[in-house]
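Just so we're clear, the structure is a prediction, and the values are computed from it rather than from any experiment. Basis for what follows: all heavy atoms, side chains included, without hydrogens, waters or symmetry-related copies. Labels below follow one simple rule: chain letters A, B, ... track the order of the sequence lines, proteins then strands, and each chain is numbered from 1.
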Protein chains: 2
Amino acid sequence: MNEKDDFALQDFLPYLLNRAAEESSLGFQKHYKNRYGMLRTEWRVLFHLGNYGQMTAKEIGARAKIHKTKISRAVAKLAEKRFVTRTRDENDRRSEHLALTPAGEAAYKDLREHALEFDTRICARFTTGEVAILRYMLRNLAGIEP
Amino acid sequence: MNEKDDFALQDFLPYLLNRAAEESSLGFQKHYKNRYGMLRTEWRVLFHLGNYGQMTAKEIGARAKIHKTKISRAVAKLAEKRFVTRTRDENDRRSEHLALTPAGEAAYKDLREHALEFDTRICARFTTGEVAILRYMLRNLAGIEP
DNA sequence: GAATATTAGTTGTTTTTGTAACTAACAAGG
DNA sequence: CCTTGTTAGTTACAAAAACAACTAATATTC
């Protein structure tokens, strides 16, 4: 088997990336899942609002490359949890500006703390230079402008 | 906003990893999806069998960290497509040995070719050293023994 | 060697996602 | 204006994933 096999599955980047992503997500997931009953898209939306301030659903979608239906549902759940408020734009009444409530802000800060700690723990396994290279490469692969 | 904010979402590794994984998966997906109507778990199982030869569902699950229900369904579909054969282990009649049929082998080789090409194209954006570091780090993060 | 526990794999049910079609608001061209 | 086109966001339905409960075979233990 595998005659001229210069291909190793565990070196294939899409495979490796997915495995690493799943593994690292799993570790962070329990924070937002257990404590706040959130889904992945929900904390992403929450983090965007916490990180960049008031945004519309469309802006979040564009920045995070999340489909609008996922955002719509995530926003609905976050609004239900009283973590975000939605206010119609008076100039363009199709879109609405999303912002964190104090409770949402608190959840964001709490989760951000855990995220930072989690991230630090991951990075501790590598040298500073390695981590810098990893981030630079992942940003490139993800299509995020440097 | 963001008073003592030494936290940037686009530097958070689980986020970056997921974005990069999603992006890279998307590119490769169309090969196995359009040409063979496969799902992600299906090509993973196919690749394991092609790469490591005959295995049981359990062994694949352990190596790829895929849940047994996903494997069970993927194997069922692959068997339906006549890409794998299942033969009961005579010593332990609970488990069965999975192996590729000639058609499965052909599909594997075809997809492997595309995978290799895809991987090469991705790597071309970086230096050899960077790619080596990336692979090493991802293997570590994914919990794959070096 | 019967009773209990484990293991390999499957099936059923519930969540979550993906996709397409929809509503409502705005924009442009005639 | 008023038809046609576009955009922001929602909803409905189909596909896939997660989780729990199941069957059948093997191990264990008393």
Side-chain angles (χ1 to χ4, degrees), chain A residues 18-19 21-23 25-27 29-30 32-34 36-46 48-49 54-81 84-99, chain B residues 18-19 21-23 25-27 29-30 32-34 36-46 48-49 54-81 84-99:
Chain A
N18 270 288
R19 289 278 313 262
E22 275 163 31
E23 193 64 31
S25 289
L26 223 61
Q29 190 181 31
K30 61 177 179 298
Y32 59 81
K33 196 171 187 180
N34 294 348
Y36 298 100
M38 283 188 203
L39 250 33
R40 210 165 54 134
T41 309
E42 288 169 58
W43 83 253
R44 283 202 189 177
V45 169
L46 187 87
H48 274 261
L49 293 174
Q54 178 174 288
M55 295 175 88
T56 67
K58 174 177 190 174
E59 287 167 337
I60 297 176
R63 209 189 277 256
K65 277 198 190 147
I66 303 177
H67 194 269
K68 58 183 182 174
T69 61
K70 269 168 100 173
I71 300 213
S72 174
R73 290 191 248 247
V75 169
K77 289 239 178 123
L78 288 171
E80 205 176 281
K81 291 190 181 79
V84 311
T85 57
R86 348 170 67 158
T87 39
R88 285 241 163 269
D89 182 318
E90 280 311 318
N91 296 329
D92 182 346
R93 301 181 42 71
R94 285 170 302 183
S95 72
E96 47 190 15
H97 299 280
L98 307 168
Chain B
N18 270 287
R19 289 278 312 262
E22 276 162 32
E23 193 63 32
S25 289
L26 223 63
Q29 189 181 32
K30 60 178 180 298
Y32 59 82
K33 196 170 187 180
N34 294 348
Y36 298 100
M38 282 190 203
L39 249 33
R40 208 166 56 135
T41 308
E42 288 169 59
W43 83 253
R44 284 202 188 178
V45 168
L46 188 89
H48 273 262
L49 293 175
Q54 179 174 288
M55 294 176 90
T56 66
K58 183 190 179 157
E59 287 167 336
I60 297 176
R63 210 189 275 256
K65 278 199 188 141
I66 304 176
H67 195 269
K68 60 185 180 173
T69 60
K70 269 167 101 174
I71 300 212
S72 174
R73 284 172 166 132
V75 169
K77 289 240 178 119
L78 289 171
E80 204 176 281
K81 290 189 180 82
V84 311
T85 57
R86 347 170 67 157
T87 40
R88 285 242 163 269
D89 181 318
E90 281 309 319
N91 296 327
D92 183 346
R93 300 182 43 72
R94 284 170 304 183
S95 72
E96 48 190 16
H97 298 280
L98 307 168

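Here A:Arg88 does not reach the OP1 or OP2 of C:dC26: none of its side-chain N or O atoms lies under 4.0 Å away. Taking only side-chain nitrogens and oxygens, A:Ser95 never comes nearer than 4.0 Å to OP1 or OP2 of D:dA8. For the pair B:Lys70 and D:dA16, the criterion of a side-chain N or O lying under 4.0 Å from OP1 or OP2 is not met.
Atom-to-atom, CZ of B:Arg40 to C1' of D:dA15 comes out at 15 Å; the value is rounded to the nearest Å. If you measure from atom CZ of B:Arg93 to atom C1' of D:dA27, you get 17 Å, rounded to the nearest angstrom. Distance A:Ile66 CD1 to C:dT16 C1': 14 Å, rounded to the nearest Å. Put simply, CG on A:Asn91 is 15 Å from P on D:dA8, counting in whole angstrom units. Whole-Å rounding puts the A:Glu42 CD to C:dT16 C1' distance at 11 Å. In this structure, the NE2 atom of B:His97 is 9 Å from the P atom of C:dG9, given to the nearest Å. Here C:dT10 presents its P atom at 11 Å from CD1 of B:Ile60, a figure rounded to the nearest Å. As rounded to whole Å, 14 Å separates atom C1' of D:dT7 from atom CD of A:Glu96.
Contact detail for A:Leu49 and A:Met55: the closest heavy-atom pair is CD2-N, 3.8 Å. Shown here for A:Asp89 and A:Asn91, the closest heavy-atom pair between the two residues is OD1-N, 2.6 Å. Nearest approach of B:Val45 to B:Ala74, heavy atoms of both residues: CG2-CB, 4.2 Å.
The residue A:Leu39 sits close only to the backbone: its heavy atoms come under 4.0 Å of sugar-phosphate atoms, none of a base. As judged by a 4.0 angstrom heavy-atom cut-off over every strand, A:Lys58 is placed among residues touching the sugar-phosphate backbone only. At the heavy-atom level, A:Asp89 lies nowhere under 4.0 Å from the strands shown.
Under 4.0 Å is where a charged nitrogen must lie from a carboxylate oxygen, and between A:Glu22 and B:Lys65 no such pair does.
If A:Arg94 and A:Lys68 are placed on DNA chain C by their nearest nucleotide, the residue sitting closer to the 5' end is A:Lys68. Residue order along DNA chain D, read from the 5' end via each residue's closest nucleotide, puts A:Glu59 first among A:Glu59 and A:Lys33. Between A:Thr41 and A:Asp92, it is A:Thr41 whose nearest contact on DNA chain C lies nearer the 5' terminus.
Here the side chain of A:Arg86 pairs no donor or acceptor atom with the backbone of A:His97 at under 3.5 angstrom.
Closest to the B:Arg73 side chain, of the nucleotides D:dA18, D:dG9, C:dG18, is D:dA18. Set against D:dT10, C:dG9, D:dA25, the side chain of B:Ser72 has C:dG9 as its closest nucleotide. Comparing D:dG9, D:dC19, D:dT10 by their closest approach to the side chain of A:Thr56 singles out D:dG9.
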